[in-house]
Number of protein chains: 2
Amino acid sequence: MSEIQRPGALYQQVAAAIREAILSGEFAPDSLLPSEAQLMARYGVSRPTVRNAIAALRAEGLIDVRHGKGSFVRSDGQPALTIERRISRTADGKFVMPNGDVWQETEEPSTYRTHTTKTTGQLLQLGEEEALFGCDRLLFDPSTGTRAMHRTLIPLVVADGIPLLGEEPCKRPAAFYRLLTEDGHKLTWSETVRARMPLPDERTTLQLPDATPILHLSRVTHDTDDRPLILEELRIGADRAELTYRITADKQPARRTRA
Amino acid sequence: MSEIQRPGALYQQVAAAIREAILSGEFAPDSLLPSEAQLMARYGVSRPTVRNAIAALRAEGLIDVRHGKGSFVRSDGQPALTIERRISRTADGKFVMPNGDVWQETEEPSTYRTHTTKTTGQLLQLGEEEALFGCDRLLFDPSTGTRAMHRTLIPLVVADGIPLLGEEPCKRPAAFYRLLTEDGHKLTWSETVRARMPLPDERTTLQLPDATPILHLSRVTHDTDDRPLILEELRIGADRAELTYRITADKQPARRTRA
DNA sequence: TGACGTCACTTGTCCTTACGAGTTAGGACT
DNA sequence: AGTCCTAACTCGTAAGGACAAGTGACGTCA
């Protein structure tokens with residue numbers, strides 16, 4: 001029966017004790033923590049107190065609890081997937097953006113028409129309630145088991161102004177970029193990164209564990225005269241993925257990755 | 001007494017009902033939700049059930065609860081602070097990185113010597129247990145009330161190999177960059193973005209609300225021959241800040257005429 | 001008028017009890 | 001031997017009670 005000290009509520013003291021045991025290595029990653037009953041006996045508290053302490057540790061992302069089995073120390077492994085945003089400029093002024101096209105589509109993309117919200121309107125420099133093409137896709141990287149939600153939004157004004165095959169560019173942004181580039185446009189882009197807790201549907205779709213935020217990327221591609229053409233959004237679990245932005249002196253040879 | 005339907009546990013049904021009411025606008029942002037007692041009466045459930053439902057909504061970041069006052073709908077406002085990472089290359093091949101130097105230091109930076117961990121060793125392309133200079137600073141942006149934790153890590157090997165004033169570069173990375181650039185080095189950098197839930201000390205230091213992840217930036221600056229020179233880390237609450245990476249096509253790329 | 005104490009509200013903590021549900025191993029029956 | 005059932009563990013859900021602690025308003029008293 002290890003003793004409990006001052007700071008604050010009982011369950012916080014229990015949580016602190018367990019947390020310390022985890023961080024000090026007394027409980028190794030992926031190992032099984034004592035059961036609720038054992039923790040009750042160990043600290044001389046009731047079950048709600050133990051569960052409250054465990055809830056706190058779950059919210060911190062320190063442990064995972066599986067019904068009928070027990071609590072496990074979460075392994076603090078690095079994200080399995082690194083999404084590279086390498087930006088290098090070739091001699092003729094074009095950008096090369098190898099976006100790690102490792103994704104598979106798990107189902108047919110769904111296209112629709114919608115309108116700007118406050119957020120998307122701001123990014124696209126439009127007012128609210130402006131008409132948009134939309135396309136949502138569910139992506140999957142089989143090598144790491146990572147899921148992601150992808151969305152493309154194109155203002156109708158833009159889609160109408162350019163000779164394209166209906167909603168096709170919405171489905172295949174890469175083709176859209178290529179088409180524009182070949183057409184002589186000089187594209188620039190800006191990418192915004194946010195992090196937040198997932199909504200319930202995002203949590204299930206992305207199959208996220210407890211206390212796992214999502215990374216939310218919004219990439220806007222601009223025309224030469226700074227007019228926003230297309231907005232791409234990517235949502236992905238922060239436990240699985242990280243982003244790297246790399247600026248290299250142009251025309252670097254392949255970079256050495258050390259494992 | 002609005003009725004409750006099928007899916008799953010009672011508290012989840014209550015949570016779903018409240019969530020729906022919030023998202024549908026029945027409860028406006030910043031408005032006060034019914035008290036626990038009122039919710040008990042409304043849905044005909046016990047207090048633990050109501051509290052469990054509320055806990056779920058807190059974990060989702062939908063509501064904030066203040067002791068003695070009640071539960072409030074969290075306003076889904078945009079992050080107040082946008083950290084810009086604009087990368088444009090001037091004609092002579094230099095990078096300009098206006099990092100938004102709006103930060104104030106709230107206390108004297110603390111310098112120390114430490115060693116690489118698994119993560120930092122990987123970023124710096126060093127083994128584990130390699131000696132480092134370290135410097136931690138607490139930053140504050142008075143215009144938005146945003147706090148951030150900044151850390152600089154420089155391998156001793158690098159610090160010794162360059163004529164500098166002791167730990168000074170550790171305190172002032174900008175000076176370090178300027179010095180290197182003036183010395184003819186062509187710097188490249190790569191920045192990794194992660195998101196995760198804060199540890200308790202980060203939560204208190206950054207004064208984070210419930211269910212608020214932190215954005216964790218790791219920027220490594222490389223020498224011409226790809227040798228990592230300095231690692232900067234920035235931790236900041238994702239409720240307050242977002243990152244934008246912007247690539248502009250300002251001028252024609254420079255020829256590499258200079259040795 | 002002003003200061004202060006009280007009271008009624010809120011959420012926070014902690015306990016007891018009970019049962020439901022997922023998991024696993026071992027024993028009984030075929 | 002193989003199959004299946006059961007028992008004993010795990011955590012999940014739900015209810016009830018009691019008191020502590022933070023907040024704000026109101027009323028009393030100096």
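Lettering follows sequence order; numbering is per chain, from 1.
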Trainee: dC15(C) phosphate, OP1 or OP2: any side-chain N/O from T49(A) under 4.0 angstrom?
Mentor: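 Answer is yes, contact under 4.0 Å.
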Trainee: I want to check something: taking the side chain as every heavy atom from C-beta on, are M197(B) and E202(B) in contact at a cut-off of under 4.5 Å?
Mentor: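 With C-beta onward as the side chain, the pair stays apart.
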Trainee: Could you state the atom-to-atom distance from CG of N52(A) to C1' of dC14(C) in whole Å?
Mentor: 9 Å
Trainee: What is the distance, rounded to the nearest whole Å, between atom CD of E36(A) and atom C1' of dG22(C)?
Mentor: 14 Å
Trainee: Kindly point out which of dT13(C), dC15(C), dT24(C) is positioned nearest to the side chain of P48(A)?
Mentor: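 So the side chain of P48(A) is nearest to dC15(C).
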Trainee: When we call it a touch if two heavy atoms are under 4.0 Å apart, what does R51(B) touch: a base, just sugar-phosphate, or nothing?
Mentor: base
Trainee: Of all nucleotides in DNA chain D with an atom under 4.0 Å from a non-hydrogen atom of chain B, which is the first and which the last going 5' to 3'?
Mentor: dT13(D) to dG24(D)
Trainee: Shortest non-hydrogen contact from L32(B) to G70(B)?
Mentor: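 L32(B) and G70(B) have their closest heavy atoms at CD1-CA, 3.9 Å.
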Trainee: I'd like to know if R66(B) reaches the base of dG12(C) with its side chain such that a donor and an acceptor end up less than 3.5 angstrom apart.
Mentor: no
Trainee: Find the distance D210(B):CG to dG12(C):P and express it as a whole number of Å.
Mentor: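 In whole Å, dG12(C) P lies 9 Å from D210(B) CG.
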Trainee: Can a donor-acceptor pair be found between the side chains of E84(B) and T244(B) at a distance below 3.5 Å?
Mentor: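 Short answer, no.
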Trainee: Is I83(A) close to L234(A) at the side-chain level, that is, under 4.5 Å between some pair of heavy atoms?
Mentor: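 L234(A) reaches I83(A) side chain to side chain.
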Trainee: Without decimals, in angstroms, what is the distance between H67(B) NE2 and dC9(C) P?
Mentor: 16 Å
Trainee: May I have the distance from R47(B) (atom CZ) to dT11(C) (atom C1'), rounded to whole angstrom?
Mentor: 6 Å
Trainee: Determine: side-chain N/O of K69(B) to OP1/OP2 of dT11(C), distance under 4.0 Å, yes or no.
Mentor: no
Trainee: Rounded to the Å, how far apart are L39(B) CG and dT10(C) P?
Mentor: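 To the nearest whole Å, that distance equals 11 Å.
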Trainee: Closest heavy-atom contact between D239(A) and P209(A)?
Mentor: OD2-CD, 3.5 Å
Trainee: Return the minimal non-hydrogen interatomic distance between A238(B) and T212(B), and the atom names on each side.
Mentor: N-CG2, 4.2 Å
Trainee: Report the nucleotide, chosen from dT11(C), dC15(C), dT24(C), that has the shortest atom-to-atom distance to any side-chain atom of S71(B).
Mentor: dT11(C)
Trainee: Less than 4.5 Å apart, side chain to side chain, heavy atoms only: is that true for V14(A) and L39(A)?
Mentor: no
